[in-house]
Each structure stands twice: as C-alpha cells, then as structure tokens.
Amino acid sequence: MKRKGHMKRWAGALALALIGLGAAGPAAAQTRLGWYTQIGPAGIGFSESAKISAGGSTIPGASATLSDNLTLGFGLGYRFSDAFSVIAIGGLPPTTTIKGTGPLTGITVGKVTYGPLIVAANYHIPTAGKFQPFVGAGVNYTMVFDAKDGGLTKLKAKSAFGAVLRVGFDYMVSDTDGLFFSANKVFVNTSATGNAVALGGAPVSAKITLDPLILHAGWVHRF
C-alpha cells in the first residue's frame, strides 16, 4: 500500500538521521531519573487478515484491509534507574476505513474510530553518550470508540487486548530534553459483526487479525 510505504520510508529516514546525530555527539548525557513525557506524530500500519462468514457460512477467499493512519501520540513514563523504565502511550483516536478483498473487493465495510493504548516496561542499553537505545515489552488495549456503517449496517467491533514488543532510542540534546523514536509491534485480534446490504441484510461476522506497527517519534522531556 502506498501510504504504508511512505510511513516506513519516513520512519527509516528519521531513524538514520538521529542515529547519525548520536554517533557524532561525543558529550555524555547524564541520566535523569523520575517522570518523563513524549509527544509527536505516530504512524499506524496494519498487517491485517480476516476470516469472514455470512449467514453462518465462511465466505471462501474473503478478507479485509484497513487503511493506515497518522495521528498525534503522547507518552508518560517513569525512569526507575539507569536501566529500567515504564511508559504509557496513547494518542488522538484515528479512524480506519475497512474494505473487503477477494469476493468482497469494491465493498467499503465501514469505518472504525479506535485508540491503541500501550503500557510497556523498557530496558535501556548502557551507553556513554547522547544516543540512548532501549528495548521493551508490554500490553496493548485497542479501544473501539465508534463504528460507522458502510456495506454493513449495524456495524460493531470489539475492543481487544494484545501484546507489544518495542525498540527505539532517545537522543538527548540537554539534560532534560531530546528527540525520541520508537517502533512498537502490536499483536492483537478482534471481531466485528453487522448485516450485509448486498446480501439482503444477512448477518455477517468477521475474526480480524490487526497486528499493527506503530512508529512514534518526536520530543522527549525529562523532569
């Protein structure tokens, strides 16, 4: 998908630029423990698949695609030590458009407004400079706020829990402020139901694998 490719190229370029800055910066940045915040754009790209049934029977070859999103993300974290921290990450709820594939190609199923909340623990790899990488893992709760009908009426989608793996880095320009980048891979499944207009209102259900990659970058402030 064109939007997904743009997001990955944007993230890769930003990551390389910040890595270059980190390699060039000889000065050490002292770790500041306690609270910190993050804010910046977040790109969400789905690795979706679906199993769709109508009237109780599976539709062979039918699946779905979800449009990628760009939103404003923010995080609140706490650094316990040089090595460990926890963070909660949320953002402004984006809206994804769901479209059918296979036999359902050309059908816009509907639109869903959602909010992926991440809570993760991070291990900060020891470094002596401004470039400070980390890895982490945690849980995700993808909350569905609204669903708007399209090819399905009475469209409903369930909120769901999942797991998260993440990797990223901070590049500190001072003791308190810097730039950050994180790649967050979420593993989450959900389900949706509705009535198909094209099938005379027959009940339709879908089990959907979302598994989005959330790329988040911006400004970090340590208190």
Side-chain angles (χ1 to χ4, degrees), residues 1-19 21-22 35-48 65-79 85-98 111-124 131-147 157 159-173 177-190 208-222:
M1 292 173 61
K2 201 172 282 187
R3 289 179 60 185
K4 192 174 293 186
H6 288 332
M7 185 177 70
K8 289 181 178 178
R9 286 194 294 271
W10 169 82
L14 178 59
L16 288 173
L18 293 185
I19 289 172
L21 286 172
W35 295 101
Y36 65 95
T37 58
Q38 297 177 341
I39 187 169
I44 304 171
F46 294 95
S47 297
E48 67 276 45
T65 64
L66 285 74
S67 61
D68 297 343
N69 295 121
L70 183 65
T71 187
L72 180 65
F74 38 84
L76 176 64
Y78 191 87
R79 188 81 172 257
S85 70
V86 295
I87 190 169
I89 305 170
L92 299 179
T95 298
T96 184
T97 300
I98 306 172
K111 296 183 178 183
V112 173
T113 300
Y114 65 99
L117 174 66
I118 292 173
V119 178
N122 306 297
Y123 171 69
H124 298 263
F131 178 72
Q132 302 171 7
F134 61 82
V135 295
V139 295
N140 159 262
Y141 183 60
T142 300
M143 181 180 294
V144 175
F145 293 103
D146 188 34
S159 302
F161 282 98
V164 180
L165 295 176
R166 65 194 312 260
V167 62
F169 57 85
D170 297 328
Y171 175 76
M172 302 306 297
V173 298
D177 293 282
L179 303 173
F180 77 90
F181 171 82
S182 67
N184 307 272
K185 181 61 178 179
V186 180
F187 302 92
V188 62
N189 302 320
T190 188
I208 306 172
T209 298
L210 301 174
D211 290 1
L213 175 64
I214 303 175
L215 303 176
H216 191 201
W219 195 257
V220 57
H221 176 74
R222 298 176 181 175

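Remember, it's a predicted structure, so these values are computed and weren't measured experimentally.
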- Message: Between His124 (side chain only) and Gln132 (backbone N and O only), is there a donor and an acceptor less than 3.5 Å apart?
- Response: no
- Message: Please check this pair: side chain of Asn184 against backbone of Ile214, looking for a donor-acceptor N/O pair closer than 3.5 Å.
- Response: yes
Taking the side chain as every heavy atom from C-beta outward, state whether [X] and [Y] have any atom pair closer than 4.5 Å.
| X | Y | answer |
| --- | --- | --- |
| His221 | Gln38 | no |
| Phe145 | Ser159 | no |
| Asp211 | Lys185 | yes |
| Val188 | Pro212 | yes |
| Trp219 | Asp177 | yes |
| Leu210 | Val186 | no |

- Query: Centroid-to-centroid, Tyr141 to Phe161, below 6.0 Å?
  - Reply: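 Between Phe161 and Tyr141, which both carry aromatic rings, the centre distance is below 6.0 Å.
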- Residues Asp170 and Arg222 bridged, charged N to O under 4.0 Å: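 Arg222 and Asp170: salt-bridged.
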- Not counting sequence neighbours, which residues clear ring-ring contact (aromatic ring centres under 6.0 Å, His included) with Trp35? List them please. Tyr78
- What pairs with Phe187 under ring-ring contact (aromatic ring centres under 6.0 Å, His included), at least two apart in sequence or on another chain?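 Scan of Phe187 (ring-ring contact (aromatic ring centres under 6.0 Å, His included), adjacent residues dropped) gives none.
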Could you list the donor-acceptor pairs under 3.5 angstrom formed by side chains in residues 115-123, with sequence neighbours left out?
{"from": "Asn122", "atom 1": "OD1", "to": "Arg166", "atom 2": "NH1", "distance (Å)": "2.8"}
{"from": "Asn122", "atom 1": "ND2", "to": "Ser85", "atom 2": "OG", "distance (Å)": "3.3"}

- Task: With Leu66 as reference, evaluate Thr97, Ile44, Val112, Ile98 under the side chain to side chain contact (heavy atoms under 4.5 Å, CB included) test and give the passing residue.
- Result: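 Running side chain to side chain contact (heavy atoms under 4.5 Å, CB included) over Thr97, Ile44, Val112, Ile98 with Leu66 returns exactly one hit, Ile98.
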- Message: I need the Thr96 OG1 to Asp68 CG distance, nearest 0.5 Å.
- Response: 7.5 Å
- Supply the atom-to-atom distance His216 NE2 to Leu72 CG, rounded to the nearest 0.5 angstrom.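 Rounded to the nearest 0.5 Å, the NE2-CG separation comes out at 7.0 Å.
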- Could you tell me how the ring of Phe169 sits relative to the ring of Phe181: parallel (under 30°), tilted (30 to 60°) or perpendicular (over 60°)?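 Rings of Phe169 and Phe181: tilted, 30 to 60°.
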- Could you go through the side chain to side chain donor-acceptor pair (under 3.5 Å) check for Tyr114 and Asn69 one step at a time? CA-CA 11 Å; Tyr114 65 99; Asn69 295 121; 2.6 Å; yes
- Task: List the steps and the verdict of side chain to side chain contact (heavy atoms under 4.5 Å, CB included) for Leu76 and Ile87.
- Result: CA-CA 6 Å; Leu76 176 64; Ile87 190 169; 5.9 Å; no
